[in-house]
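All values reported here derive from a predicted model rather than from experimental measurement. Just so it is clear: chains get the letters A, B, ... in the order the sequence lines come, proteins before strands, and each one is counted from 1.
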Amino acid sequence: MSDKKKRYLITSALPYVNTVKHLGNLVSTLLPADIYARYLRQRGEEVLAVCGTDDHGTPSEVSALEAGMPVEEFVEQMFNKQKDIYERFGLSFDLFSRTHTAENTELTQHLFLKLYENGFIIEKEVQSLHCKNCKRNLPDRYVVGTCPNCKYEHARGDQCENCSKVLDGIDLINPVCIICGKSNTEIHSGKHLFIDLGSLEGRIKEWINSHKDWPKTAHSIANSWIRDGLRPRSISRDIKWGIPIPLDGYRDKVFYVWFDAPIGYISISMEWAKQQGDPDLWKKFWKETDTYIINFIGKDNVPFHTITFPATLIGADDDFALADYVKAFQWLNYEKTKFSSSKKVGIFTDTALELFPPDYWRYYLMKIAPERHDTDFTWSEFRDSVNGDLADILGNFIHRTLTFINRYFDGKIPKANALEKEDKAIIKALIDVSKNADLEMRKLEFQRTILTIFDFARDCNKYFQSKKPWADWKDNKKDRVATTLNICAQCCRGLAVLLAPFIPFTAEKIFDLLQLKEDIHKQSWNSVGKNISDNHSISKELEPLFPKIELEQIIELGLKWGGESAKELLKQNPQLDPSKKVKNKPKTQSKPKKAKKKQPKVDEKMTKELVSFKDFQQLDLRVATIKSVEPVEGTKKLLKIIVDIGTEERQIVAGVAERYKPDELVGKQIVIIANLEPAKIRGVESNGMLLAADSDPEISILTPMRKVPNGSKVR
RNA sequence: AGCGCGGUGGGGUAGCUAGGUUGUGCCCACAGGGCUCAUAACCCUGGGAUCGGUGGUUCGAAUCCACCCCGCGCUACCA
């Protein structure tokens, strides 16, 4: 589909900067983009793959506020954190940058001015909610209030969850700002800028219709927008954190984050060009028609990549190329429920890396990539895939082959002799799989590619089984064993080359074991028939490529992070219950009675619901040292306390003044909840809460028994 | 409500755009057997499904059409 093209430009939807992303984010944008880029590079194509964080907008501001940091600093920190995670996942972007850069500011402003000159920008008067307390304009998502339609009291500004009516923030009765929790809003009205999508509709439509090969969702969502009629879309916002609008009358406003984010694809390419020492290098990717451009996105992102961003480029009329292919993914669910960053449901990329090697995730995630419809991550299936496909099929084949070569041929690839029917068949299968996988990859069919390659790995085991080299060796048919193992070794190499885009770390390891010196990431798929030369020495130190995941481990993880599949496994294997295990332990000790005593007695008053370990983990308990204390004026109980929590100083307010004098607290170490949402108590801001035992009237502040560094975690 | 996606043996999934030896393929689970080189891995065989329902088109439908039922998602700043 892209044979006439000379080079490829790959973009992955820019992950929003404010939180660490979950596996759903990874699977529909970053990971497939990386895999496709790796595949193309192996094929010897000229590729530029760019990505970066999407930095601007209200959510960043709010998250920064919550973290008690200046936005710029917060965003920088989160950018670095995300970048580091993606590197550890082996994501091979030519540049992973961000949208808060000089390049993006300049380009966004430039494109806007072109749109303005060309008459595609219109001005309109808009009303919006303003929180007088936060001194901030409130996007619809940041307001809750009573629904004017059904009177539901917790309707969000954009939509009522109860009656599902689509709302405007200003429609809400008794609107409350979710940032400060106060109902202190007023309606502001002001001029805003809109991009006139309607007058660009014809050209957008033409472009969409000329690309029938896109995934179904991409088309249906794009077409439904067009069918409903393209209305002007606001591109200005009354916030501080963003790219300033270079137009008189609007200089106190910034661009809507979705205006500048996709422009980031181009500005990051520009940054990349500068780093290459040729500042114009980006132009051939963006301004020449023989580049094939692919956007990797989730389905929610379709409108921005098929309507608004193309509209920007078309309207600016500055010769920027539009995408050739929009690879839109559906959703990945977590154990039948939605992944949710805000509700902390699911597995997040940083946690994933702590649990298992990146290739385990890369493989499983692409195997279940939601290419056709929504799919489900389950712990149980994750284990099945890793153990079954990676360890038992792939790992086992390679391991048994290399073990034989070491044992019988002193670690040297033996020479193949006369070929029999099965030998020829498996060699043909190897060539075929490289061709078929290549055809599927060209169509960006990731799951099919994986299935094709693993079917071949199964064939390899069948071949090994049918040739019985262990039996031949006993029968003294050394030549025959040599032939079998030579062919198996070629298959190992072939599998490594074919799987390199998907599981690059393992593929490298296989090349290391084979002691092949060439760079695996430059081996094209049609090189898989290429023989490793006779007598080539392989490594003598073998170890399993994929340690297996124990059932017990997966049950524990499933229970810890939440998941029905683990509960189901536990039902089938009740002996593996982690909680029971703890109970069993005392039996082996000499004094089981003592253990029993330790069990907390359920006091009648302790009727609170059980919480999961996960819920408990959400509390960020830290040790802090009290720096200064002063009473809050006009109150009997409250003290304003400044504490040092290692990374920063915090102000907290505590109701302990009746039992503690300010002087006796200074210098003491205490325990605080560091991630409690900020609150104002008697007008004084409190960013945390100290822990104290409360048995009215006595209050005892908790303090660590030994001195520990400030910021130490408490659990 | 509208729109989108899906409903295929116990679980998962492919096949459906161009209807034919298709109730067929694949993975997992299950049963039996083989092998014993390998990470208790590998290989073979087998059982198991009115292909959501009803009606239609057709010589013939999982595949096309109509209506209905069920699940999920979206309705525009969640990938």
Side-chain angles (χ1 to χ4, degrees), chain A residues 12-16 19 21-32 54 57-59 139-141 158-159 163-166 212 216-217 219-221 223-225 227-228 233 237 256-258 261 296-304 307-308 328-333 336-343 367-368 370 372-376 378 380-381 383-385 387-393 395-404 407-408 447-448 451-452 454-455 458 460-474 481 485 542-548 565 568 572:
Chain A
S12 160
L14 307 186
Y16 199 73
T19 55
K21 301 289 114 178
H22 52 63
L23 297 182
N25 297 284
L26 186 65
V27 75
S28 58
T29 58
L30 303 145
L31 187 51
D54 175 8
T58 309
D140 289 344
R141 279 174 61 96
D158 51 348
Q159 185 178 23
C163 68
S164 52
K165 188 172 168 65
V166 178
K212 299 277 187 208
K216 259 192 201 168
T217 16
H219 259 123
S220 53
I221 297 176
N223 285 327
S224 80
W225 265 57
R227 197 175 47 235
D228 295 347
R233 228 181 134 70
R237 286 293 183 272
Y256 166 41
V257 58
W258 258 108
F296 286 88
I297 60 171
K299 63 179 166 185
D300 61 311
N301 244 322
V302 170
F304 300 106
I307 309 284
T308 56
F329 284 84
Q330 313 268 4
W331 301 118
L332 178 69
N333 290 321
K336 310 271 182 202
T337 60
K338 283 183 76 179
F339 271 95
S340 164
S341 295
S342 52
K343 292 175 193 155
K367 186 185 172 189
I368 60 165
R372 267 160 265 277
H373 48 79
D374 294 356
T375 59
D376 242 310
T378 67
S380 144
E381 207 185 71
R383 173 172 175 268
D384 285 347
S385 293
N387 289 358
D389 302 343
L390 292 181
D392 295 344
I393 300 297
N396 182 42
F397 171 68
I398 289 166
H399 199 251
R400 68 206 292 212
T401 299
L402 302 187
T403 305
F404 268 58
R407 186 175 304 153
Y408 298 147
Q447 289 187 43
R448 281 170 213 261
L451 282 178
T452 302
F454 272 84
D455 276 349
R458 276 172 235 281
C460 290
N461 274 314
K462 281 174 202 168
Y463 169 75
F464 197 103
Q465 197 71 26
S466 74
K467 295 321 278 181
K468 295 187 172 52
W470 61 90
D472 285 343
W473 187 260
K474 280 177 198 152
V481 178
L485 293 180
L542 303 182
E543 53 174 45
L545 286 169
F546 305 99
K548 288 210 197 185
S565 73
E568 194 56 39
Q572 290 155 18

A:K336 and A:D374 ion-paired at < 4.0 Å: no
Between [N] atom [atom2] and [X] atom [atom1], what is the distance in whole Å?
{"X": "A:L542", "N": "B:rC37", "atom1": "CG", "atom2": "C1'", "result": "13 Å"}
{"X": "A:K216", "N": "B:rC16", "atom1": "NZ", "atom2": "P", "result": "11 Å"}
{"X": "A:H399", "N": "B:rC42", "atom1": "NE2", "atom2": "C1'", "result": "14 Å"}
{"X": "A:K336", "N": "B:rG71", "atom1": "NZ", "atom2": "C1'", "result": "10 Å"}
{"X": "A:D455", "N": "B:rG25", "atom1": "CG", "atom2": "C1'", "result": "10 Å"}
{"X": "A:N333", "N": "B:rA79", "atom1": "CG", "atom2": "C1'", "result": "12 Å"}
{"X": "A:N387", "N": "B:rA41", "atom1": "CG", "atom2": "P", "result": "8 Å"}
{"X": "A:R372", "N": "B:rC5", "atom1": "CZ", "atom2": "P", "result": "14 Å"}

[X] side chain, from C-beta outward: closest of [options]:
{"X": "A:W470", "options": "B:rA76, B:rC43, B:rC37", "value": "B:rC37"}
{"X": "A:R233", "options": "B:rU39, B:rA76, B:rG4", "value": "B:rA76"}
{"X": "A:R448", "options": "B:rA14, B:rG73, B:rU39", "value": "B:rA14"}

Is [X] touching bases, backbone alone, or none of the nucleic acid, heavy atoms closer than 4.0 Å?
{"X": "A:K548", "result": "base"}
{"X": "A:F404", "result": "base"}
{"X": "A:K474", "result": "sugar-phosphate"}
{"X": "A:L332", "result": "base"}
{"X": "A:L26", "result": "nothing"}
{"X": "A:F296", "result": "nothing"}
{"X": "A:F397", "result": "nothing"}
{"X": "A:K468", "result": "nothing"}
{"X": "A:A13", "result": "nothing"}
{"X": "A:L451", "result": "nothing"}
{"X": "A:F454", "result": "nothing"}
{"X": "A:G395", "result": "base"}
{"X": "A:R458", "result": "sugar-phosphate"}
{"X": "A:E381", "result": "sugar-phosphate"}

[atom1] spacing across the pair [N] / [M], given as an integer number of angstrom:
{"N": "B:rG46", "M": "B:rA29", "atom1": "C1'", "result": "14 Å"}
{"N": "B:rA79", "M": "B:rG20", "atom1": "P", "result": "41 Å"}
{"N": "B:rA76", "M": "B:rC70", "atom1": "P", "result": "25 Å"}
{"N": "B:rG6", "M": "B:rG52", "atom1": "P", "result": "13 Å"}
{"N": "B:rA31", "M": "B:rA14", "atom1": "P", "result": "28 Å"}
{"N": "B:rG15", "M": "B:rU8", "atom1": "P", "result": "14 Å"}
{"N": "B:rU36", "M": "B:rC43", "atom1": "C1'", "result": "12 Å"}
{"N": "B:rU17", "M": "B:rU21", "atom1": "C1'", "result": "23 Å"}

Minimum heavy-atom distance A:A13-A:T29, with the two atoms named: CB-CG2, 3.5 Å
On the nucleotide [N], are OP1 or OP2 found under 4.0 Å from the side-chain N or O atoms that [X] carries?
{"X": "A:N396", "N": "B:rA38", "answer": "no"}
{"X": "A:K367", "N": "B:rC26", "answer": "no"}
{"X": "A:K299", "N": "B:rC5", "answer": "no"}
{"X": "A:R400", "N": "B:rU36", "answer": "no"}
{"X": "A:H373", "N": "B:rC74", "answer": "no"}

Is it the case that the base of B:rA76 and the side chain of A:W225 share a donor-acceptor contact (distance under 3.5 Å, atom types as modelled)? yes
Can you find an N or O donor on one side and an acceptor on the other, under 3.5 Å apart, linking the side chain of A:T29 with the base of B:rA79? no
Given 3.5 Å as the limit, does a donor-acceptor pair link the side chain of A:T375 with the main chain of A:I368, or not? yes
Any side-chain to backbone donor/acceptor pair from A:K21 onto A:Y16? Under 3.5 Å, distance only. yes
Scan every strand shown for a Watson-Crick or G-U wobble partner of B:rU13, both distances under 3.5 Å, and answer none if you come up empty. B:rG25
